[in-house]
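First up is the structure itself, then whatever we jot down about it.
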Amino acid sequence: MPNATYIMLIVLLPLLSFLIMGLFGRTYLKNTAGIISTCLSFISTCLAFYTAYGYFFEYGKINGVYQKLIPFNYLWLAFSEGLSINMGILLDPITAMMLVVVTLISLMVHIYSLGYLKGEERFPTYYAFLGLFTFSMLGLVVASNIFQIYIFWELVGVSSFLLIGYYYEKPSAVAACKKAFIVTRFADLGFLIGILVLSFYAGTLDFNTLIQRLTSPESNELKSALAASFLGISALTWGMILVFVGGAGKSAMFPLHIWLPDAMEGPTPVSALIHAATMVVAGVFLVARLFPIFAISAPDALEIVAYVGAISALFAAIIACTQTDIKRVLAFSTMSQIGFMMFALGVSKYGGEEGLGYTASMFHLFTHALFKALLFLGAGAVIHFVHSNNMKDMGGLRKQLPITHFTFLIACLAISGVPPFAGFFSKEEILLAAFQHNQTIYWMALITSGLTAFYMFRLYFSIFWNKSYHPNHQDEHGHHGEGGFVMMMPLVLLSVGACLAGFIPFGKFVSSDGTALVSEFHLQFSIAPVALGLTGIFTALFLYKTENDKPDKMASSLRALYQIAYHKFYIDEIYLFITQKILFNCIGKPAAWFDKNVVDGLVNATGNTTQVLSEKIKKIQSGKVQEYAVYFLVGVFGLAMVFIYMWK
Amino acid sequence: MNEFFTLMKPELLIMAILFLLLFIKISKGLANDKLLQFIQVLLLINFVAGFFLNAEGKLFDSMYQTNAMIVLQKNILNLGMFFISLLFTDWFRKCEHLSEFFMLMLSALLGMFYMMSSGNLLMFYLSLELATIPVAAMSNFNLDKKVSSEAAIKMILSSAFSSGILLFGISLLYGATGTLSFTEMPALLTSSPLQILAFVCLFTAFAFKMSVVPFHFWTADVYEGSPVVVTSFLSVISKGAIAFVFVSTLFKVFQPLHDIWYNMIMVLSVMTMLIGNLFALRQQNIKRFLAFSSIAQVGFILVGMSSNSTQGTASIIYFICIYIFSNLAAFGVADLISFFTGKENVDDYKGLYQTNPLLSWVLALSLFSLAGIPPTAGFFGKLFLLSAGATTGNYIFIGIAAVNMIISLYYYLRIIRAVFMDKNETPVEKISINPYTKIGLYICSAGIVLIGLLSWVYDYIESVVN
Amino acid sequence: MNLLLLILIPLLTAVAVFMMQNNNQVRWIAFFGSAIQLILSLGLYVVYTNARNHGDTAQMLFEQNMPLFKSWNINLHLGVDGISVAMIMLTAFVVVAGVLMSWKMEKMTKEFYFLLILLSMGAYGFFISLDLFVLFFFLEIAVIPKYLLIGVWGSGKKEYSANKLALMLMTGSALVLVGMFILYFGGGKSFDILQLAQTTIPTWTQHICFPLLFVGFGVFTALFPFHTWVPDGHSSAPTAGSMFLAGISMKLGGYGCLRVATYLLPEGAKEYANIILLLSAIAILYGAFATMMQKDLKYINAYSSISHCGFVLLGIGMLTKVAITGAIMQMVSHGLMTALFFAVIGIIYERTHTRQVNEMGGLLKVMPFTITLLFIVGLCSLGLPGLSGFVAEMTIFVGSWENPDTFHRIVTVAGCMSIVVTAVYILRAIGRTAMGPLKEEYNNLSDAAWPEKLATIILLVGIIAIGVAPFWLNDLVSPGAELIMQKIQMAK
Amino acid sequence: MEPGLYHLLFISAALFFIGVYGFLTRRNLIAMLMSIELILNSVNLNFIAFNKYVWADKLDGLFFTIFVIAIAAAEAAVAIAIIINLTKNFQSIDVEETEEMKY
């Protein structure tokens, strides 16, 4: 059996790091913060590896099926008989995999940041936030309860917010962190309502029970969930779609992706950790977690997942070709790759060979985490060196940054799907799954993978080749080389991962139903994507290897398309219009006006009316004693008349 | 003969004091200081003596009657008198004709006592006049002030007019029933038109004395013009006495006409509260302000009166008792300020707290009590009145009363605001309060806080009424 | 445990404060008094849970019944159940924090603390009394000190705000008064809540009484459209005043709506539940949208209080056990949160002398402690897990969703939507205040002083205690909610 | 024709209203006082008439009349004293002089 304490320690050590840094960091641990946090992270990583090893090779498998184990479960908040939020640990293949990924990347980022952020004033705070993020992300992956996932989902969101806003004095960073938070929050609204819908019909929030109740065809819960419908779609499908909305928001799927490029305002290691490797795949993880329900009971919802994924993948790839900020290129690439994972899930079925897409998606998630983190950290090294995010300020850096250059190249090859790097294997499986189940998506994916290779190498060549590097103007002092051991070690480690991860027989460990899935390698099938990838690479080589005006010419010849893509299809503007014009001007302002003038006005009017009335009637107190007598008489006779004649 | 002394003890005590004062006056006279101390002691003795040797019974062929409740009421008024003698020490010391003033005041009180004990309309009329006419003379006591004379003339003319109407009513009632005795009356009442007319005339006389709208017009002018002592005497002692009589007369003598007077009281109560409040909203002169506020208070008393139950009676007595404390405290403060600085406007009270914290707190307490804000006793008083009124099930009526409580709160808060919040370049200067007044203010404040919280006070009153 | 202590200690503290001559003595006495009260209330929690764990199943514990006004059948009937214990703890936390936050109050210190403590006495009394009359007594005690606190120590258009607050709250209590009388005469001449709960109150009485009581208490809880005292009142009040106002007084209303209106008049509650839901949904969204347009930090928090208190009423109106539990938790949570928010605003205002978010910026740099708290409280307000707001709101949502019909669904979704709007305005406010470039003139601002730190940490402890471990609060209040629900289910 | 109850009542009613009219219209304070005397006298007439024609066996009415006369005198005495003070200070006995306090 798994050791619950160890798993809890995996989760809680980063929290400990957060608490120590948050409470004492600023005053007592100014210099040692990074080391302490890194150590804690290291322990956590070791435990994660230990746990994953134990799960996959020792106790996880019973009768050839990987079990969903619950080594720990604590009643956190009981709503009613069935409904309760439990804080628990659910250990299954994807959890084990994610534990490794998250702790590993987190450790890398911890180490890398020691160099990258050296000398920062808020160094401990940074590590505190990293700890918080790691804690929340780990909590998310071990969640045994859909509400638990939601809780950590939100925590992940807030740590992302804090880290994006790390450079809080930069207005753009402030705007970006707010945007990230609000957009994902909006998506979480869907998630929340989805949870409510599911919990209402299933009568539980526990994953295992939930999945069991909503997938077995004879269960009453499933029947009622399918019977109830809204706008012609069953309640269950609604629920799953809404949950997916949450996932799409966090994973930056179209059209909720707008926060991701802006999120690059955060420190680059953070982008590597959160906005490339871990947090943004939370959506994929969520869909995978609920995959049986999607696949068995709500195929319509799964189809939506597939199309959203595919569209996002293509859409992001097109935009990525035009961006000039390296981190933004990487951000769109991330979005595109997550699109891959999404639609891989979307085209998958449950169980056996049919579940290839599921395995492929998780596989890609795994490999992507490695090479995308590598890319970001490499980009970080570059940015650290040139103090700019813009490709135009770079070029010819291969001499100055040899290790970075080499690892970056590996990562680019991996993401482009060139064999035998990691990306090749996972992408291959995804394409195969798509090919088997949905041709439309397959073709979209194929184009995307070609574009991926192109824009990645556009990036690569622009940074490391193209023009020769001129150490520019003022920051002569900035020539501190590649950033030393702490920054290079993660790059090297990750590049090793990016090279070798593809050879892991992933299907043996992770599959939709827990049984081993042996994926065959189809040579004839992989010709097309690899060829496309190579075409992309060579196009980039042709265009960007040396400094020339070919790219500009191409841009001008495809002017309209280029402009649209460059402006990210104007999605941001649409959002801006909706929020600024509609939300603020059409709802917010009228509400505030209404409150100030109508509601408050009524209250004041009551007061004023009384005052005015009081002023109006003051004349009757005329000060004339004879008039008083008149009123007196009127009173007497009035009363007499009324009571003698009327009020009997 | 023994019975005579025990039953009529309160009146006899007052008369004794009266004669003592007369004797002192005609013999040699005393300096104001000494005289005042003497009077204060006498009034204290008078109040304390009220608790001993009481009896129930009737005298003079039921012309005079007394029981525990009436004794209690008289004691409450005695207490009020004692407070007046304490609180207005400064004014009294300066008063040129102190003993005359007290003689007038005490004879008015004597009239009220007889009024409370009267068992016959003739007796009632006589005592009513005895309770009214001296007050008119007292109103004129600021002899050199025109407003004082104006107040007095308004008072005497209005009350004479009202007693004319009263007498007219009594005569009709006599014609219709053939009796003037309270004990014989109820059996003879049949609510024929003549009796209703007669009753209305009688009713309005009470209403006039209690300043119920629309018979209230004299109140504000008289209160404003008279010396503060007279105003407080009028608004507290006189109003209390007439309320006591009104309740027992309505509940006992005119019980057969309950349907009629219930409706009358309801209508008049609503009008009284509304008009009183609406007028009070705008007042600048603190005395006039208190006059209108006391009119509004009368509206609440009427709510309690509409209950037609012993609980109603008890809550009215309770309320009046509290009202004496709170209103006298307010008038005491107003008098101090007006006596030392001549300022009577609400605006002059701005920034009072900066210079006179004690006065401010006392004023605030009394105003909160008048507004019915806990933990002051006024809260309980008002709530029991409303509660008694609610026994009839007329909740709309109670609702209107509740709304009026809010309006009244608004103007009480206006004073509070002036005292505590508003800034003033030239606030009222620091007033040195003489010990007697101080004691009076302290007692009043303590009463305001404690009467409500010490629930046995109400229970005692209730037990006496039963 | 003798519940009278809960009233007597503040009373004695208030008297002692009034007797003191020196400002320093005043502060310390007020602090000690409120600290003792805090310890007492925590002790109450321990004793209470202990008694429950030992199988004491009485509806109310530590009951005390002393006749007060015999002929009216008014008794000083005290007793607590889980709901009251929770509210008492809330009060104790906020009071201590409020006392500490006013440490630097130099203007009429004695009077200030006197009123503050008096106010807290009203709240304590309100929460422990089981007699409607006594309850009403304490309810009103808690109003007038606020008027003075705002009017004398406030800022801005304080007189207007104070007046509005006092009059609107008094209007509310006048409605309560009338409702109370109808209940009294309709329910066998008793003000006793437990007795009234036993008697069958005629349907028509319930139908008349319920709106009176609910709206009456609702005014305190910023029931739409009777909420306009909230923004003005809160923004004009001194820091401790705002903390009390939002943290405690608004909860008086919620508690009254629940304990008096809903519990005693279940038929009425059922009759009007939909209207309540509609109004509270409007309050939630409308409050949130109105908040978006505010520029003054206090106004932001005040309007957001309208929105958050809408959740309380929403939870009550849903008439399910979970939702009612959530409503109570929301009361506690919002009480702590908003008090902390006002405390933080107070700290900032004291240093920058402005509350306009546009005039600030980058304050994180100079006041890290305070602004960190601002972040935490803002995140709590927008319902971040791990802080109290999340737990309460989620409980309400889950409870609300138990009603299967479309109307309830729409209302619930409307309520849920506010979490996005909340995020928008909170982040706007925080972004403008804490982040961005720091202005020249704020370069030398100091961070919070020790009393302020202590105050905020006390509140923060409460927030986190609920957020991280909500089960204890849930266990505490849900039996009470259960009882209320039983009444509702029994009603036609 | 022997004058009966109704004749007397009619006269007294007339007297009453004359008195009221006088009170309401006279500008002279003394005249107003006199009007009040008229009212009181009408009441006296009432009492006597009732006593004689309706309740001849009881003497209450007659006694009442005597007391009313006495009280009226007392009232007039105080009223005139006040008026004298007013005249002394302000040289006027016009009721319109007493309209300072209002509203």
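Note on naming: letters A, B, ... go to the chains in the order of the sequence lines (proteins, then strands), and numbering restarts at 1 for each one.
Counting heavy-atom pairs closer than 4.5 Å to chain A, the top residue among D:M101, D:E99, D:E100 is D:E99.
For A:I617, no part sits under 4.5 Å from any heavy atom of chain D, backbone or side chain.
Heavy-atom neighbours of A:K170 NZ from other residues, nucleotides or ligands within 6.0 Å: above the threshold of 12. Other residues, nucleotides and ligands place no more than 12 heavy atoms under 6.0 Å from the CZ atom of D:F67. Within a 6.0 Å sphere centred on CZ of A:F186, other residues, nucleotides and ligands contribute 12 heavy atoms or fewer. Within 6.0 Å of CD in A:E573 there are more than 12 heavy atoms belonging to other residues, nucleotides or ligands.
Of the inter-residue distances, the one linking D:K102 atom NZ with A:K624 atom NZ reads 6.5 Å to the nearest 0.5 angstrom. Taking CZ of D:F23 as the start and CG of A:L633 as the end, the distance is 9.0 Å to the nearest 0.5 Å.
Scanning all heavy atoms of the two residues, the minimum distance from D:V95 to A:Q626 falls at CG1-OE1, 3.7 Å.
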